Amino acid sequence: MAPRKAGLGFILVTLFLDILGLGLVVPILPQLIKELSGGDTAVAAGWQGEFAAVYALMQLVCSPILGSLSDRVGRRPVLLLSMAGMGFNYLINAWAPTLGWLFLGRVIAGLTGASISTATAYIADVSPPEKRAQNFGLVGMAFGLGFIAGPALGAVLGPISLRLPFLVAAGMSLLGALYGTFVLPESLPKERRRTFSWSRANPVGTLSELKRTPVVLRLAAASFFVELAQRGLESVWVLYMGYRYHWSLMQTNVSLVLVGLTQALMQGFVVRRLVPAIGERRSILAGVAVAMFAFALYGLAPVGWMIYLIIPIGAFAGLAPPAANGLMSRAIPPDEQGMLQGALSSMRSLTMVLGPPIASHLFGYFISPAAPVALPGAPFFSGALFIMVGLVMAAQVLSRPDVPGAAVVVAADAPVSPSRAVGDLPEKLERHSG
């Protein structure tokens with residue numbers, strides 16, 4: 001059991017460092033794009049959407065390759081390669097003299113950005129079935145803590161130089177890769193590895209694998225619309241707050257720190273207690289409904305201070321991802337975790353290809369003179385509609401009698417009944433973050 005705990009602990013630290021680095025640059029990259037594109041917010045919004053899309057497109061192509069590769073050679077080498085590549089990407093961004101160089105950085109980031117999906121497969125490897133929902137909640141907590149520390153540090157470094165946070169983020173990623181080289185054990189035994197296949201290691205092939213597990217396919221389809229909204233929110237958050245409420249970089253970073261803090265509390269404490277109490281199905285539906293409500297409020301808030309009140313409400317959307325992860329994972333055998341992680345990552349990448357351009361162009365259009373009415377909250381309203389579609393689809397799926405984990409998630413130390421054990425096939429899935 002000790003190796004499991006050691007591996008899980010390192011993965012959580014790795015994710016924390018990875019998200020800390022991401023949190024450092026999330027509020028900075030749009031500012032740098034704006035600076036390099038002439039200082040116009042509407043123009044910068046368009047470029048921001050395109051940069052997010054090219055990053056996601058590279059992930060869409062490469063994530064299934066790396067996911068299937070991790071099923072063949074193990075999680076450890078793929079994870080370490082991914083972390084080192086992200087560090088290289090940050091260095092390019094730190095010295096980028098033009099938008100073209102930033103574009104190259106996004107391409108490299110997409111090529112190597114499989115650390116989260118591979119880390120999630122690692123957690124599925126080392127977690128017993130009855131503890132996976134709780135351990136996926138710890139992933140969310142690591143994300144939250146990283147987003148507390150990252151924007152807070154960015155608020156200090158950003159005013160010094162827009163390039164400095166990228167250098168620090170590069171150091172974080174490269175340090176994590178170096179640390180893992182000496183410390184991280186492999187989680188996938190050789191006898192559980194599978195042959196690499198190009199038919200599975202592509203977006204079409206991996207997504208088609210979901211058809212073999214109808215419950216996973218249907219829940220993944222519902223999550224597609226929720227993720228589509230979330231990716232749009234992320235792409236316009238900084239520019240929206242600056243344009244509508246005239247927030248400074250410090251105020252934007254404070255909002256991101258609050259997002260990280262509420263997410264860490266939700267995933268580290270609330271999810272681990274509330275999901276076992278009310279069950280996976282209710283947790284998924286409640287989380288998605290809260291997300292829809294929060295998106296509408298973001299678009300409607302007339303003054304900036306209201307955003308700080310909406311963020312804690314929106315944090316309850318964090319109930320859905322770990323509950324969905326726990327539910328879907330029991331329908332998937334152990335030797336397919338990496339491949340299916342790649343499939344789900346491909347689906348999420350598709351939302352990243354589509355979501356940011358939709359949201360950023362909506363935002364850019366509705367703040368431009370060409371718009372029939374000024375409506376800067378348009379991307380949040382469209383996001384609420386996407387989430388409503390996902391909510392309806394999730395409700396239909398979860399009403400089916402063949403959904404595993406009939407009503408309640410087994411608590412971390414609770415005994416597993418014979419009927420429950422049948423459903424507790426090995427697990428997988430990931431994204432959460434939401």
Side-chain angles (χ1 to χ4, degrees), residues 23 26-31 33-34 39-46 48-49 52 144 147-148 151-152 154-155 158 225-263 265-266 286-318 355-391 434:
V26 160
I28 304 297
L29 184 60
Q31 301 292 337
I33 292 173
K34 184 177 178 180
D40 185 281
T41 300
V43 173
Q48 172 71 6
F147 258 108
I148 293 170
F225 289 95
V226 180
E227 291 277 354
L228 191 65
Q230 182 64 29
R231 302 290 79 78
L233 176 148
E234 293 167 358
S235 70
V236 300
W237 183 268
V238 174
L239 295 174
Y240 173 79
M241 298 306 166
Y243 176 85
R244 184 165 187 183
Y245 307 120
H246 307 290
W247 277 8
S248 65
L249 181 59
M250 175 68 75
Q251 288 171 302
T252 303
N253 280 330
V254 168
S255 73
L256 293 174
V257 169
L258 182 59
V259 169
L261 178 61
T262 54
Q263 182 175 338
L265 292 174
M266 175 61 59
V288 175
V290 168
M292 181 178 65
F293 181 58
F295 267 69
L297 290 180
Y298 286 134
L300 291 170
V303 291
W305 61 263
M306 290 184 176
I307 299 298
Y308 297 118
L309 301 181
I310 301 169
I311 287 172
I313 297 173
F316 281 87
I358 292 173
S360 61
H361 285 293
L362 275 174
F363 175 62
Y365 174 72
F366 278 102
I367 66 171
S368 72
V373 59
L375 191 65
F380 296 100
F381 299 138
S382 67
L385 290 175
F386 288 139
I387 295 172
M388 183 174 66
V389 173
L391 179 61

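What's counted below: heavy atoms across the whole structure, side chains too, no hydrogens, waters or symmetry copies. These figures come from a predicted structure and were not determined experimentally.
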Open item on the list: Any heavy-atom pair between the side chains of Val236 and Phe380 that's under 4.5 Å?
Closed with: yes
Task: Minimum-distance pair of heavy atoms, taken over all atoms of Gly158 and Ile28 - done: CA-CD1, 4.0 Å
Task: Shortest non-hydrogen separation from Ser255 to Thr252 and the atoms involved - done: OG-O, 2.6 Å
Open item on the list: Among Phe363, Phe366, Trp237, exactly one meets side-chain contact (heavy atoms from CB on, under 4.5 Å) together with Pro379. Which residue is that?
Closed with: Phe363
Task: Interatomic spacing from NZ in Lys34 to CG in Leu239 - rounded to 0.5 Å - done: 7.0 Å
TODO: Check Ala229 against Ile387 and note the closest heavy-atom contact, atom names and distance.
DONE: CB-CG1, 3.6 Å
Task: Atom pair CE (Met266) and CD (Gln263), whose distance is rounded to the nearest 0.5 Å - done: 9.5 Å
TODO: Determine the minimum heavy-atom distance between Leu362 and Ser382, stating which atoms define it.
DONE: CD1-OG, 3.5 Å
Task: Atom pair CD1/CZ of Ile358 and Phe386 - distance to nearest 0.5 Å - done: 4.5 Å
TODO: State, yes or no, whether a side-chain contact exists between Tyr240 and Ser235 at a heavy-atom distance under 4.5 Å.
DONE: no
Open item on the list: To the nearest 0.5 Å, what is the distance between CE on Met241 and CG on Asn253?
Closed with: 12.5 Å
Which pairs of donor and acceptor atoms, one on a side chain in residues 290-312, lie under 3.5 Å apart (sequence neighbours left out)?
| residue | atom | partner | partner atom | Å |
| --- | --- | --- | --- | --- |
| Tyr308 | OH | Gln251 | O | 3.4 |

Task: Residues that Pro357 engages under side-chain contact (heavy atoms from CB on, under 4.5 Å), provided they are two or more places apart - done: Ala53, His361
